[in-house]
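See structure below.
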There are 2 protein chains.
Amino acid sequence: MAEGGGAGSAGGENLLFLTDEQLRKGIEAMFFAYRGFTADPDRILEARGYGRAHHRAIHFINRQEGQTVNTLLAMLGVTKQSLNRVLRTLIEDGLVESRVGRKDKRERHLFLTEAGRALERSLTEAQRGRMRAAYRTAGPEAVAGFRQVLEAMMDPDLRRHYQSMKDGGS
Amino acid sequence: MAEGGGAGSAGGENLLFLTDEQLRKGIEAMFFAYRGFTADPDRILEARGYGRAHHRAIHFINRQEGQTVNTLLAMLGVTKQSLNRVLRTLIEDGLVESRVGRKDKRERHLFLTEAGRALERSLTEAQRGRMRAAYRTAGPEAVAGFRQVLEAMMDPDLRRHYQSMKDGGS
DNA sequence: CTGTTTACGTCAGCCTTGTTGACTTTCCAA
DNA sequence: TTGGAAAGTCAACAAGGCTGACGTAAACAG
């Protein structure tokens, strides 16, 4: 393998896209793009006294309602103590509800309240706005490539989390 | 409005790639990929008692040797107090050298020492390793798309910084 | 020459968000 | 029934953002 994976037709076999300079460019692209990626939701969060950690929690609770704290932990890759602090403020502020498990009373199942869902929507919409614009500018083929490269860049464990919630409905 | 910008040939006019689900997938791809992106250098840094902030400083000093503190500040988008703390430890540890400007003596020009350059190489090599693997897996066309989307996602100001240091030789 | 601006550094203090360690409560298995 | 494992909470610490205030030296404008 290594022979340029799919190597469609553009670059061909010369592997020009693997030069150190190209790789450095990719690294810096990730750095600058990630800043843009988080900028819009950050503004909304700041106005309410929250940080990125709150955003992440809200996002993943929304994605899978009724999730336990442990599941969420695995997604986020932080310690339970760290998550707990964020979670506590969200619960106090009435954005998240934590229900004791019916089968296993050690577990807490997490849900967004109406207010939580509203904040989630506004955060996601802000982030989607930029993503949508970028997608539109770049076009569908570029988007496919974008997703392929990102997926290949993930740690295998995280990639499983990513893939676990499949594309659209199906 | 919004009639699909470039819309090359693949997805066509249906704009399937702009559904909310596709956008959510893109958002999560960014999130998980960025974790992978920083994981390898983070391990090296931790062993030496440094953090990501040190990595960023070293990276950008290397990219443009002799840069002033102010220029670096603009790249990194942090306050001078924040940068200074990091910079001070790097200078104390002999990884970075700060020379008073010859023309304008108020300015400090930043350089990596031999030790600094060595650390920079090991950090970059770690990060490039993953990037290279991802590029190879995805292929040159995907890489082009990846870069296009990332670039479109940047804030215009940051995009200028990104573009200012052009691709390889040329 | 004088006053202002610029570039840089520093001290102090705050906040978010990561960490480890110690502790309860609950479940389950020997 | 008892002991360990698992889920979650509390406490304390560190990194690295931030603001604000201040100091110094050099440059520049009048």
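Just so it is clear: chains get the letters A, B, ... in the order the sequence lines come, proteins before strands, and each one is counted from 1. Only heavy atoms go into these numbers, but all of them, side chains included; no hydrogens, no water, no symmetry mates. This one's a predicted model, so the numbers in the text were calculated from it and none came from an experiment.
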Next item on the list: Would you tell me if any nitrogen or oxygen in the side chain of B:Arg88 comes within less than 4.0 Å of OP1 or OP2 on C:dT10?
Entry: yes

Margin query: Counting the atoms with a prime plus P, OP1 and OP2 as sugar-phosphate, which does A:Arg85 contact under 4.0 Å by heavy atoms, base, sugar-phosphate, or nothing?
Written below: base

Next item on the list: May I ask you to verify whether the side chain of A:Arg106 and the base of C:dT25 hold a donor-acceptor pair under 3.5 Å?
Entry: no

Next item on the list: In whole angstrom, give the distance that lies between atom CG of A:Leu83 and atom C1' of D:dC10.
Entry: 15 Å

Item checked: Residue-phosphate contact under 4.0 Å: A:His54 side-chain N/O, C:dT17 OP1/OP2 -> yes

Note to self: Just to be sure I understand the rule, does A:Lys80 reach a base, reach only the sugar-phosphate, or reach nothing, if contact means heavy atoms closer than 4.0 Å?
What the structure shows: base

Note to self: Rounded to whole Å, how long is the line connecting atom CG of B:Asp104 with atom C1' of C:dC8?
What the structure shows: 11 Å

Notebook entry, point to check: Would a 4.5 Å heavy-atom cut-off, applied to side chains only, mark A:Thr89 and A:His54 as touching?
Noted result: yes

Notebook entry, point to check: Which whole-number value in Å describes the distance from B:Asn84 CG to D:dA21 P?
Noted result: 19 Å

Checklist line | Whole-Å distance separating the CZ atom of B:Arg99 from the P atom of C:dC8 | finding: 16 Å

Next item on the list: Taking only the side-chain nitrogens and oxygens of B:Asn70, find out if one of them lies under 4.0 Å from OP1 or OP2 of C:dC8.
Entry: yes

Checklist line | Donor-acceptor pair present, B:Gln81 side chain and D:dG16 base, under 3.5 Å | finding: no

Check: To the nearest angstrom, how far is B:Lys103 atom NZ from C:dT6 atom P?
Finding: 17 Å

Check: With a 6.0 Å cut-off on ring centres, are A:Phe37 and A:Phe32 close enough?
Finding: no

Margin query: In this structure, how many angstroms lie between the P atom of D:dA26 and the CZ atom of B:Arg108, rounded?
Written below: 9 Å

Next item on the list: Figure out the CG/C1' separation between A:Leu73 and D:dA7, and round it to whole Å.
Entry: 10 Å

Next item on the list: Compare the minimum distances between each of C:dA7, D:dG8, D:dG17 and the side chain of B:Arg56, then state the nucleotide with the smallest one.
Entry: D:dG17

Notebook entry, point to check: Within a strict 4.5 Å, meaning less than it, do heavy atoms of the B:Arg52 and B:Asp42 side chains meet?
Noted result: yes

Note to self: When you compare the side chains of A:Ser82 and A:Thr79, does any donor N or O come within less than 3.5 Å of an acceptor on the partner?
What the structure shows: no

Item checked: Nearest listed nucleotide, side chain of B:Val69, among D:dC18, C:dT17, C:dG9 -> C:dG9

Check: Going by the angle between their ring planes, with limits at 30° and 60°, are B:Tyr34 and A:Tyr34 parallel, tilted or perpendicular?
Finding: parallel

Notebook entry, point to check: With a non-hydrogen cut-off below 4.0 angstrom, is B:His109 in contact with a base, only sugar-phosphate, or nothing?
Noted result: nothing

Next item on the list: For C:dT19, take OP1 and OP2 only and decide whether either is under 4.0 Å from a side-chain N or O of A:Thr79.
Entry: yes

Notebook entry, point to check: Looking for any heavy atom pair under 4.0 Å, which part of the strands does B:Gly49 touch: base, sugar-phosphate only, or nothing?
Noted result: nothing

Next item on the list: Whole angstrom is fine here: how far is it from CG in A:Leu110 over to P in D:dA7?
Entry: 13 Å

